[in-house]
Structures are given as C-alpha cells and as structure tokens.
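Beneath this line is the structure, given in structure tokens, with notes to follow.
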Number of protein chains: 4
Amino acid sequence: MQRFALIGAGFIGSVHAQNLASHPDVDFKLIYDIDPQRAAGLASQHGAKAATSLDQIFDNDDLDAVFIASSTDSHAQNLRYAADAGLAALVEKPIDLDLETAKSTVAYVERAGIKAMVNFNRRFDRAHAELKDLVSSGEIGELALLQLTSRGPALPPLDYLKTSGGQFRDQAVHFFDLARWISGQDPVRVHAFGSALSAPEIAEFGDVDTSISALAFPSGALAQIDCVRHTNYGYDEHIEVLGSDAMAESERQRSGHVSILRGQAAQSHGLHSNWFDRVQPTYAASLGAFVQALEEDGEVPISLREGLKSQAIAQAATRSISSGHSEIVDYSL
Amino acid sequence: MQRFALIGAGFIGSVHAQNLASHPDVDFKLIYDIDPQRAAGLASQHGAKAATSLDQIFDNDDLDAVFIASSTDSHAQNLRYAADAGLAALVEKPIDLDLETAKSTVAYVERAGIKAMVNFNRRFDRAHAELKDLVSSGEIGELALLQLTSRGPALPPLDYLKTSGGQFRDQAVHFFDLARWISGQDPVRVHAFGSALSAPEIAEFGDVDTSISALAFPSGALAQIDCVRHTNYGYDEHIEVLGSDAMAESERQRSGHVSILRGQAAQSHGLHSNWFDRVQPTYAASLGAFVQALEEDGEVPISLREGLKSQAIAQAATRSISSGHSEIVDYSL
Amino acid sequence: MQRFALIGAGFIGSVHAQNLASHPDVDFKLIYDIDPQRAAGLASQHGAKAATSLDQIFDNDDLDAVFIASSTDSHAQNLRYAADAGLAALVEKPIDLDLETAKSTVAYVERAGIKAMVNFNRRFDRAHAELKDLVSSGEIGELALLQLTSRGPALPPLDYLKTSGGQFRDQAVHFFDLARWISGQDPVRVHAFGSALSAPEIAEFGDVDTSISALAFPSGALAQIDCVRHTNYGYDEHIEVLGSDAMAESERQRSGHVSILRGQAAQSHGLHSNWFDRVQPTYAASLGAFVQALEEDGEVPISLREGLKSQAIAQAATRSISSGHSEIVDYSL
Amino acid sequence: MQRFALIGAGFIGSVHAQNLASHPDVDFKLIYDIDPQRAAGLASQHGAKAATSLDQIFDNDDLDAVFIASSTDSHAQNLRYAADAGLAALVEKPIDLDLETAKSTVAYVERAGIKAMVNFNRRFDRAHAELKDLVSSGEIGELALLQLTSRGPALPPLDYLKTSGGQFRDQAVHFFDLARWISGQDPVRVHAFGSALSAPEIAEFGDVDTSISALAFPSGALAQIDCVRHTNYGYDEHIEVLGSDAMAESERQRSGHVSILRGQAAQSHGLHSNWFDRVQPTYAASLGAFVQALEEDGEVPISLREGLKSQAIAQAATRSISSGHSEIVDYSL
C-alpha cells in the first residue's frame with residue numbers, strides 16, 4: 001500500500017484524485033492546493049484530508065509518494081522538495097518550461113535517488129501501446145515512417161496559452177514523446193512550420209495554433225506530426241507506423257456506435273467532443289504503472305530524463321519556426 | 001438516499017454489488033446468498049453486511065429496496081416477499097420460467113403497490129437507445145423492418161442450459177423485448193426455426209442453439225431476430241431499424257482500435273470476446289434508472305408487465321418450433 | 001468466336017448488347033425486339049443488325065447462341081425455339097412465372113440437348129462469390145446461418161409489379177438462389193411474412209413490398225432473407241455467412257470514398273442510388289462465363305434446373321404468406 | 001470528332017490507346033513508337049494505323065491532336081513539333097526534367113497558340129475532386145491543413161529510377177500539384193527530409209525512397225506530403241483537408257468488399273496491389289476533359305504553366321534535402 005499526497009486540486013488534479021481514491025494499492029492521505037477551499041472540497045469527496053501547507057506533505061513520516069499536479073511553474077520546486085523529503089514523485093509535464101531549469105532539477109532529483117516519473121499519460125493509451133509493441137517486436141519490419149496527428153477541439157483560453165510555452169512545448173511535446181517511445185530512437189533533426197490561424201492574438205505573443213513538425217531519426221526513419229489547436233469536429237488523435245513489412249494504425253476513435261443511412265449519405269457519430277474524453281483512461285493506467293513500480297521497487301516507466309529529451313525536441317521545433325532551418329536536437333542534458 | 005439489500009452473490013450479483021456500492025444515492029446495506037460465505041465475501045468487498053437469512057431483509061425497517069439476483073426459480077417468491085414487506089424490487093429476468101406463475105406473481109405484486117422493475121438491461125445500451133429515439137421521434141419515418149442479432153460467444157454449461165427455459169426464453173427474450181420497446185408495438189404473430197448445431201446434447205433436452213425468429217407487428221412492420229449460442233469470433237450484438245425515410249444501425253462494436261495493413265489484407269480488432277464486456281455499462285445504467293424512479297417517486301422504466309409481454313413472445317416462439325406454424329402471441333396477462 | 005443474337009432491346013437488353021459488343025469472343029450479329037425501331041436503334045449503336053422477325057434468328061445457320069432478354073411471358077417460348085433450332089441459350093430469369101410451364105419447358109430443352117443457362121447474375125458478384133468459396137472450402141467451418149438483405153431503392157411501376165409474379169418470385173428469388181448456391185444445399189422448409197407498406201395498391205393485387213423469409217436447410221443451417229422494395233437510402237445488398245469457425249460478410253458497398261467530419265458527426269457517401277449501379281459488373285461476368293462454357297464445350301454454370309429450384313422456393317414462400325405455416329419446398333421437378 | 005495520334009506505345013501508351021479507341025468523340029488514327037513493331041501491334045488492337053516516322057504525324061493534314069506518351073526526354077521536342085504543326089497536345093508529365101528546358105518549351109508552345117495540357121491525371125480522381133470542390137466552395141471554411149499520402153507498392157526498377165529525376169520530381173510532383181490545385185494557392189516555402197531505406201543503391205545516385213515534404217502557403221495554410229516507394233501492403237493514396245469548419249477526407253480505397261471475423265480479429269481486403277488499379281479511372285477522365293476542351297474550343301483544364309509550377313516545388317524540395325533548410329519556391333517562369 002502506497003500512501004499518497006496530491007498537490008494541485010484544479011481540473012487535472014481532480015482527475016488524479018479520483019484515480020488515487022479508486023486504486024486498490026493507494027492510501028490517499030492528503031491534498032494541497034494554493035486555494036485551501038478547493039483542497040478541502042476535493043479532499044472531502046474522496047475521503048482524504050486537506051493539507052493547509054506544503055510542510056504537511058514534505059515534513060510527514062506517513063507518506064510514500066506525492067503526485068505533483070500543481071501549476072507548471074511550481075513543478076520544479078515541488079520535485080526538489082520531494083527529493084529532499086525522500087518521497088517518490090509523479091509529476092505532470094513539463095518539469096519546467098525553461099529547459100535549463102528542468103535539466104538542473106532532474107540532476108538534483110537524480111542525486112537524491114528518489115523514484116520520479118513524468119506523466120506522459122498518452123504512452124498508456126492502449127492502442128498507441130499496441131503500435132509500440134508492433135514496432136519493438138519487429139512485427140512490422142524496419143520502421144520507415146511515423147505519422148502522428150493531434151487536432152482540436154478548441155482553442156484554450158488566451159491566458160493559458162500565454163504561459164503555456166507555445167504549441168510545441170505544450171501540445172506537440174506529447175507526440176514528440178510518443179514518436180521517441182514508439183520508434184525507440186531519439187530524432188537528430190527537426191523542422192517545423194507553424195501559423196496562427198484561429199486567433200490573431202496568438203501571433204502577437206509569438207505562438208502558433210497550427211503546426212507541422214518533421215523529425216529525422218538516426219536509422220533514416222522519418223516522422224510527421226500535425227498539431228492543430230482548434231477544429232470544428234472534436235478532438236482527433238491518431239497515429240500510423242509504416243514498417244518494411246506492414247503498416248499499423250492507432251485509429252481515430254468515434255464517440256458512439258450508431259450510423260444512419262438516408263438519401264445519398266451515411267452519417268455516424270463523429271469524434272469525441274473534447275480531448276479529455278479521448279484520453280481519460282490513460283490517467284488511471286499511468287498512475288497504475290507508477291504505483292506498481294513503487295510496490296515492486298522497480299524502475300518507473302518514464303524517467304524524468306525521458307521528459308527532458310522530449311522537451312528538447314519541442315525546443316528545437318520552436319527554434320526552427322524562427323530560423324527557417326531544420327534544427328539539430330541538443331540532447332546534452 | 002435509497003437503502004438497498006441484494007439477494008444473490010453469484011457472478012451477476014457481484015456485478016450489481018459493485019454498481020450498488022458506487023451509486024451516490026444508494027446506501028448499500030445487506031447481501032444475502034444461499035451460500036453464507038459467498039455473501040460474506042462479497043459484502044466485505046463493498047462495505048455491506050451479510051444477511052444470514054431472508055428475514056433480515058424482508059423483516060427490516062432500515063431498507064427501501066431489494067435487488068433480486070438470486071437463482072431464477074426464486075425470483076417469484078422473493079418478489080412476493082418484497083410485496084409483503086413493502087420494499088421496492090428490481091428483479092433479474094425472468095419473473096418465472098413458467099408464464100402462469102409469472103402472471104400470478106405480477107398480479108400479486110401489483111396489488112401490493114410496490115415499485116417493481118424487471119431488469120431488461122439492454123434497453124440501457126446507449127446505441128440501442130438511440131435507435132428507440134430515432135423511431136419514436138419519427139426521424140426515420142414509418143417503421144418497416146427490424147433486424148436484431150445476438151450471437152455467441154460460447155455455449156453456456158449444459159447444466160445451465162438444462163434449466164434455462166431454452167434459447168428463446170433465456171437469450172432471445174432480451175431481443176423480443178428490444179423489438180417491442182424500439183418499435184413501440186406488441187407483435188401479433190411469431191414464427192421460429194431452430195437447430196442444435198454446436199452440441200448434440202442440446203437437442204436431447206429439447207433446446208436449440210441456433211435460431212431465427214420472425215415477428216409481425218400490428219402496423220405491418222416486421223422483425224427478424226437471429227440468436228446463436230456459439231460463435232468463434234466473440235460476442236456479436238447489433239440492430240438495424242429501417243423506416244420509410246432512413247435506416248439506422250446500432251453497430252457491431254470492436255474490442256480495440258488498431259488496424260494493420262499487410263500484403264493484400266487489412267486486419268483489425270474483432271468483437272468483444274464475451275457478452276459481458278459488450279453489455280457491461282448497461283447494468284449501472286439500469287440500476288441508475290431504477291434508483292432515480294425511487295428518488296423522484298416516478299414510474300419505473302420497465303414494469304413487470306413489460307417483462308411478461310416479452311416472455312409471452314418467447315413462449316410463442318418456442319411453440320412455433322414444435323408446431324411448424326407461425327403462432328399468435330397471447331397477451332391475455 | 002460465338003455468333004450471338006439478342007432478343008429484347010429494352011433496358012436490360014441494352015445492357016446485354018453493350019456486353020455482347022465488348023466481349024472479345026463474341027460476334028454480335030442480330031437484335032430482335034417486338035418494337036422494330038428499338039431493335040434498329042440498339043443494333044446501330046453496337047454494329048449489329050436488326051432482325052425484323054424471330055425467324056431471322058431461329059432459322060439462321062450463321063448463329064451459335066441466343067440471349068433471351070425479352071418480356072417474361074415470352075421466355076419459355078423462345079427457349080423452345082432455341083431448342084428446336086439447336087442454338088445455345090442464355091435466358092433472363094424466370095423461365096416462366098408459372099412453375100408448371102417452367103418445368104415442362106426445361107424438360108423440353110433438356111431433351112433437345114442444347115446448352116442453356118438461366119441468368120442469375122448475382123452469382124457473379126465478386127464479393128458474394130468469395131463467400132461461396134469460403135463456405136465450400138470449409139474455411140468458415142460448418143455453416144450455421146445465412147443472412148441475406150436486398151432493399152430498395154424505389155418501388156417499381158405498379159404496371160410492372162402487377163405482372164411480376166410478386167416480390168418472392170421477382171426480387172427474393174435471386175437471394176433464394178444465392179442461399180442455395182452459397183450453402184450448397186436445397187432448403188427443405190420456408191416461412192415468410194410480408195406486408196404492403198409503401199403503396200396500398202400493392203395489397204390490392206395480392207403482393208407485398210416488405211418481406212422476411214426464413215429457410216431451413218437439411219444440415220440444420222438456417223437462413224434469413226429480408227427484401228424491401230422501397231428505401232430512402234439507395235440500394236442495399238449484403239450477405240453474411242456464419243460458420244462454426246468464422247463469420248464472413250459481403251459488405252454494404254458505398255457509392256464513393258469521401259467522408260466529412262463536422263461538429264459531432266461524420267458523414268460519408270451512402271449506398272448506390274439504384275440497384276443497377278450495385279450489380280452492373282455481374283452482367284458482363286455472367287455473359288463471360290456462358291461464352292466460356294460454349295468456347296470450351298463445358299457445362300454452363302447455372303443450369304435451367306437450378307433456376308427451377310430457386311423458383312420452387314419462391315413458390316413456397318408465396319404460399320406461406322397465405323397459409324401462415326412454414327411450407328415444405330417441393331422439388332419434384 | 002477529334003482526330004488523334006498517339007506517340008509512345010509502352011505501358012502507359014497502351015492505356016491511352018484503349019481510352020482513345022473507346023472515346024465517342026475521338027477518331028483514333030495513328031500510333032508512333034521508336035519500336036515500329038510495338039506501334040504496329042498496339043495499332044492493330046485498336047483499329048488505328050502505325051506511323052513509321054514522326055513526320056507522318058507532324059506533317060499530316062488529317063489530324064487535330066497528339067497525345068505525347070513517349071519517353072520523358074522526348075516530351076519537350078514533341079511539344080515543339082506539335083506547336084509547329086498546329087496540333088493540340090496532351091503530354092504526360094513532366095514537360096522536361098530540366099526546369100529551364102521545360103520553361104523555354106512552354107514559352108515556345110504558348111507563342112504558337114496551340115491548346116496544350118499536361119496530364120496530371122490525379123486531378124480527375126473523383127474523390128480528390130470532391131475535396132477540391134469542398135475547399136473552393138467554402139464548405140469546410142478557411143483551409144488550415146492538407147495531408148497527402150502516396151505510398152508504394154514496390155520500388156520501380158533501378159534503371160527507371162536513375163533517369164526519373166528523383167522521388168520529388170517523379171512521384172511527389174503529383175501531390176505537389178494536388179496540393180496547389182485543392183488549396184487554390186501556390187506554396188511559398190517547402191522543406192523536405194528523405195531517406196533511402198529499401199535499397200542502398202538509391203542513395204548512390206543521390207535519390208531517396210522515403211520522404212516527407214512540408215509546404216507553407218501564402219494564407220498560412222500548411223501541407224504535409226509523405227511519399228514512400230515501397231510498402232508491403234499495396235498502393236496507399238489518400239488525402240485530408242482540414243478547414244476551420246470541417247475536415248474532409250479522400251479515403252484509402254480497399255480492393256474488395258469481404259470481411260471475415262474469426263477469433264479475436266477482423267480481416268478484410270487490403271489496398272490495391274498496384275498504383276495503376278487505384279488510379280486507372282483517372283486516365284479516361286483526363287483524356288475526356290482534354291477532348292471536351294477541343295470540341296468546345298474551351299480552355300484546357302491543366303495548362304503547361306500549371307505543370308511548370310508543380311515542377312518548381314519538386315525542384316525546391318530536392319534542394320531542401322541537400323541544404324537542410326526550407327527553400328523558397330521560385331515561380332519566375
């Protein structure tokens with residue numbers, strides 16, 4: 001049984017609270033949030049207690065692990081606190097928007113020797129994981145091409161976007177990570193084009209909402225990633241892997257199972273109306289894998305260093321937009 | 001808040017226990033089973049108590065409702081006890097395999113005036129319910145044809161089959177009920193062909209494992225129902241409704257979302273390997289509808305009388321196999 | 001090279017004329033129609049000559065074969081003429097609407113010893129033929145169930161319907177034939193329900209436009225066939241075969257390959273707007289198989305006797321509607 | 001009626017010969033090939049005559065148009081001959097592999113004032129053309145993203161590849177053209193990554209067999225194009241267009257319509273085994289559009305200048321591979 005605290009009681013924090021409460025091997029103890037009332041409300045829903053200060057978490061002998069789901073700018077600090085306290089840590093991505101800060105944080109945490117995992121939850125999507133298995137087992141032959149799509153459904157609030165680090169660090173980074181994970185390789189070069197099409201303000205603070213990234217892997221395999229903030233047809237996530245022997249696809253997933261034939265057309269359920277409905281099962285699975293690593297004293301499935309590498313690609317893609325060049329990815333972490 | 005007891009702690013009882021424990025408006029008090037250890041084990045998993053006699057349920061001022069999921073031959077008796085005790089009752093189908101016993105039980109329960117519902121859970125399948133809405137809203141025009149399929153995945157144990165009442169009363173009855181519900185009509189005639197193809201023993205006790213039933217509705221609409229006990233490709237349940245304006249389909253549901261193209265073939269996930277995976281969400285939804293009726297003092301969505309009518313069709317289909325005729329359905333209930 | 005005459009220059013005759021003109025092993029000589037101008041027009045399009053009397057066809061040393069696509073009531077007579085003239089004959093179904101006349105015609109033709117084939121063109125549908133192969137090769141195991149659908153798109157003119165012999169003899173007979181062919185068995189009993197839903201006049205002359213037929217085969221396998229004259233979604237033809245090892249489907253075929261995702265829905269091309277677009281390739285294939293039998297002096301793929309058997313099922317289905325019984329199919333031909 | 005000669009009797013020449021012979025408004029007169037026997041053989045199949053010298057075509061008062069399907073290095077010369085002779089010309093792409101030669105040829109032809117069209121046949125794919133209509137009618141809103149795929153099925157012979165101009169000029173150019181045509185815009189920048197994965201010899205002569213190209217359009221819309229020479233699953237061509245209101249897809253097209261459910265998998269027909277089966281109908285449609293322009297004295301649908309522009313993109317993509325930059329497309333034609 002692992003005794004957990006949760007830091008952060010916002011939308012994603014409440015998702016994690018639900019999963020912590022339901023996990024048979026988790027004893028869900030404490031929730032902290034900068035808004036004490038929000039912490040108290042969420043805690044009462046799940047039989048946990050509200051912490052009124054971080055000290056109650058990091059100076060506490062009755063805890064084994066902390067789930068860091070607070071605002072992005074506090075991830076690094078909370079990781080250092082967990083390292084100091086000897087608590088295992090599961091942290092929402094990114095470690096820090098500033099890659100240098102992220103690097104030094106990871107080095108600090110590694111020296112402390114705690115188990116720490118960055119929450120690239122999409123690695124726990126059942127269909128994406130099947131692609132990973134098909135590639136690594138050699139069943140599709142030598143990898144030639146990856147095609148990853150993440151689109152929509154709606155532009156996040158501009159306030160969020162301003163502090164998000166940009167589309168590559170915020171949205172595409174999940175797919176840079178999936179590309180690395182599925183291929184089993186770290187791409188050497190990246191090129192990106194991007195446009196601000198859905199709201200002119202996005203360009204004003206130097207971001208894009210529609211982008212295509214191209215990755216070149218050491219083996220010669222290539223990847224394309226298209227990311228769009230706003231569609232008018234829900235959230236669209238799908239992946240193809242082409243090998244020398246076969247092509248496998250983690251398909252678009254529809255939101256229902258009814259179709260209607262009328263006149264000259266067939267109509268069926270479209271995609272999920274929001275990204276959360278599409279990826280929801282991955283959160284419990286990701287937590288489950290972390291808890292299992294703690295219970296069995298094994299390796300966490302996604303080290304912080306993995307998080308850094310995927311962030312490095314996002315960094316290079318962001319540079320490519322300005323330079324007009326393809327950029328070498330710098331993994332000197 | 002509704003205080004519940006559960007009778008029956010077998011496979012389906014344990015499904016209901018999980019749903020009772022998770023429902024926010026249910027206070028899950030007691031579980032009874034003829035095997036006291038089974039009751040105790042299930043109760044401890046869900047924070048309920050084990051009842052050691054039925055009296056603890058039916059002579060108990062701290063209960064509002066009982067979920068009857070015991071063996072088929074005890075449904076009628078438990079319904080009468082619930083009627084006597086003034087407890088609301090949700091009962092697994094059938095009320096009784098013997099239609100006369102079922103009729104008198106329903107009459108008894110109705111006189112007592114308790115809220116009672118028969119658990120035709122498939123009415124709570126989201127996709128099937130969309131078909132019902134498309135028909136009753138007139139969106140597909142006048143109903144012409146229904147096609148219902150229920151196949152596989154594996155022959156139940158022969159011991160079960162011997163006491164099941166036969167394929168029409170046990171398996172097809174769900175689809176007779178769906179046909180009535182979706183069409184909004186009671187069929188007047190039924191014809192059936194059936195064969196015992198997967199195991200010769202089935203014929204020995206007068207049952208079939210492969211059958212096709214044809215229903216004629218008062219409006220002239222027709223229905224076809226094919227039921228198969230054993231497939232080699234999982235559990236296949238799907239429904240089509242053809243109207244004068246459009247055709248709508250509650251589609252086959254695949255068990256995953258990966259496809260592979262290799263050589264001249266495309267391969268993808270097939271159907272669910274068992275019926276439970278396919279229909280699982282309907283159990284919580286069905287319970288939810290019953291609890292809502294109790295909380296709001298409304299009508300239960302599926303009266304016992306509805307259960308009798310669908311059973312009457314199964315009765316007529318069974319007769320048709322022997323007579324070689326189409327049979328008139330007798331609704332004099 | 002086979003020298004052909006065509007009898008009948010209506011819609012289906014003009015389809016056959018096109019295929020006769022394109023076939024590399026056919027020398028397309030003559031066209032006869034009761035309307036001489038129609039014959040002349042069609043002949044001039046395809047480099048054939050117009051015959052002004054049937055004698056020019058049946059008393060002609062420069063012909064090898066005749067394609068009989070005249071009105072139904074002249075099929076039997078033209079077959080007898082072909083038998084007398086020693087010409088091979090490919091005849092549109094049915095041989096005659098009256099089963100007794102059809103039987104005596106077949107006996108007459110068989111005595112004459114000419115090659116004669118009834119044009120059940122759907123046996124030459126590529127996808128349906130794959131099902132036949134999957135069944136006869138044993139690849140799906142022992143056959144358990146067949147599901148055949150033929151729907152729409154529009155009610156034929158009432159004048160046509162009055163002389164068509166009814167829905168079973170006119171429309172369903174193709175699917176009775178496919179059921180026999182795919183299963184490799186002659187069904188022993190048939191039951192049918194039918195309604196006149198799209199136009200009240202149909203009931204006045206004793207026909208139906210919506211029907212479901214059930215067939216029982218000697219092996220215990222069963223078949224369901226649903227036929228509808230009018231849909232509002234084009235022409236829908238598809239078939240399933242369920243065996244003990246696998247289920248195979250000749251799928252619905254869409255009329256195009258574009259889909260649109262918008263809002264919460266996906267829209268794609270529906271089915272073909274008419275039956276001819278769906279089955280068109282089968283006509284050339286059927287003719288090709290007949291010509292090949294002539295060229296190689298082999299057996300024709302569908303003997304007239306095959307035509308009689310499928311017609312006998314239609315006869316029994318028609319009887320079943322009136323009797324309310326399932327009917328034994330009488331194959332004493 | 002347009003009197004045609006065909007230059008080139010190889011594989012694609014024989015496809016064009018078939019279409020010329022079948023077109024109701026074409027009088028198919030002559031075929032020339034550098035191999036006189038090949039010309040004679042093809043001519044006899046289609047009721048045309050073999051020309052033994054180009055003079056018989058270009059010094060001939062009985063011709064209206066010439067279809068240039070000879071080897072790539074003779075396209076430009078034959079276009080000039082047609083210009084001199086005043087014959088309309090339909091020419092296979094490219095005009096010339098050398099862009100400067102192509103430019104001067106187009107200028108020469110334009111001065112002569114003949115009707116001339118480059119045969120980008122994929123513009124006549126019915127499904128692709130629906131996408132074009134959906135974009136230009138505004139039905140999907142403002143264009144944001146194009147995704148074009150062309151893969152497989154097999155590496156062409158190395159001898160062919162050596163003189164093909166490389167993957168961008170030979171294969172991708174069709175999709176650069178579709179991107180321009182569907183979007184209604186000329187891209188301003190292009191970036192490409194490419195690898196030689198299926199055969200090391202390809203790298204030796206400076207070509208690639210697996211490439212991803214990224215295009216940036218003036219409006220801010222972006223396009224991704226992935227091209228692969230060799231798959232193990234047939235020929236895969238499909239296109240997506242994402243607009244601000246909807247996303248439309250010209251789907252993968254399967255080679256048949258049968259699916260099999262067995263165990264835990266569904267298997268169906270895969271893609272066409274070769275590119276020709278997939279695109280075949282476009283050749284007749286393309287010829288038809290050219291003939292219609294001649295008959296009605298209208299504009300040809302794809303001017304030679306259109307061909308130059310699409311070639312200019314291929315040129316820039318080829319440069320991008322070496323430079324590692326994105327490249328500006330030079331349309332100063």
Side-chain angles (χ1 to χ4, degrees), chain A residues 18 21-22 24 44-47 122 125-135 137-141 144-145 147 182 236-269 271-272 277-279 281-282, chain B residues 18 21-22 24 44-47 122 125-135 137-141 144-145 147 182 236-269 271-272 277-279 281-282:
Chain A
Q18 172 76 48
S22 303
S44 78
Q45 277 178 48
H46 295 294
R122 274 168 178 85
D125 182 279
R126 247 183 72 204
H128 298 346
E130 286 188 46
L131 296 192
K132 161 75 176 168
D133 290 345
L134 288 165
V135 170
S137 67
E139 206 164 324
I140 66 160
L145 194 72
Q147 162 68 41
I182 292 172
D236 184 356
E237 176 172 325
H238 58 102
I239 303 179
E240 285 181 20
V241 290
L242 170 65
S244 51
D245 290 342
M247 193 279 282
E249 187 176 9
S250 169
E251 303 171 343
R252 283 195 169 100
Q253 296 184 12
R254 296 166 49 203
S255 63
H257 295 92
V258 171
S259 60
I260 302 180
L261 289 165
R262 185 195 304 273
Q264 290 311 296
Q267 190 175 61
S268 57
H269 283 270
L271 308 187
H272 292 99
D277 283 359
R278 170 65 181 80
V279 309
T282 64
Chain B
Q18 173 75 46
S22 303
S44 78
Q45 275 177 50
H46 295 294
R122 274 169 177 83
D125 182 279
R126 245 184 73 205
H128 298 346
E130 286 189 45
L131 297 192
K132 161 75 175 167
D133 290 345
L134 288 165
V135 170
S137 68
E139 204 164 325
I140 65 161
L145 194 72
Q147 162 67 41
I182 292 172
D236 184 357
E237 175 171 325
H238 57 103
I239 303 179
E240 286 182 20
V241 290
L242 169 65
S244 51
D245 290 342
M247 192 279 283
E249 187 177 9
S250 169
E251 304 171 343
R252 283 197 168 100
Q253 296 185 12
R254 296 167 48 202
S255 63
H257 295 91
V258 171
S259 59
I260 301 180
L261 289 165
R262 185 195 305 272
Q264 289 312 296
Q267 190 175 61
S268 57
H269 283 270
L271 307 187
H272 292 98
D277 283 0
R278 170 65 181 80
V279 309
T282 62

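Residue numbering restarts at 1 for every chain, and letters A, B, ... go by the order of the sequence lines.
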Under 4.5 Å from any heavy atom of chain A, what part of I239(B) do you find: side chain, backbone, both or neither?
neither
Checking E240(B) against chain A: side chain, backbone, both or neither under 4.5 Å from a heavy atom?
neither
Do H269(B) and E251(A) meet the criterion of a side-chain donor-acceptor pair at a distance under 3.5 Å?
no
Taking the side chain as C-beta and beyond, is there a heavy-atom pair between E249(A) and V258(B) under 4.5 Å?
no
Could you check whether any side-chain heavy atom of I260(A) comes within less than 4.5 Å of a side-chain heavy atom of M247(B), counting everything from C-beta outward?
no
If you tally heavy-atom pairs under 4.5 Å against chain B, which of S250(A), A248(A), G263(A), S259(A) wins?
S259(A)
Between G256(A) and R126(B) the two heavy atoms that sit nearest each other are CA-NH2, 3.9 Å
So what's closer than 4.5 Å to chain A heavy atoms on L134(B): side chain, backbone, both or neither?
side chain
Side chain proximity check, R254(B) to H257(A), heavy atoms < 4.5 angstrom:
no
At what distance, to the nearest 0.5 angstrom, does CG of L261(A) lie from CG of L242(B)?
10.0 Å
Where on E139(A) is there a heavy atom nearer than 4.5 Å to chain B: the side chain, the backbone, both, or neither?
both
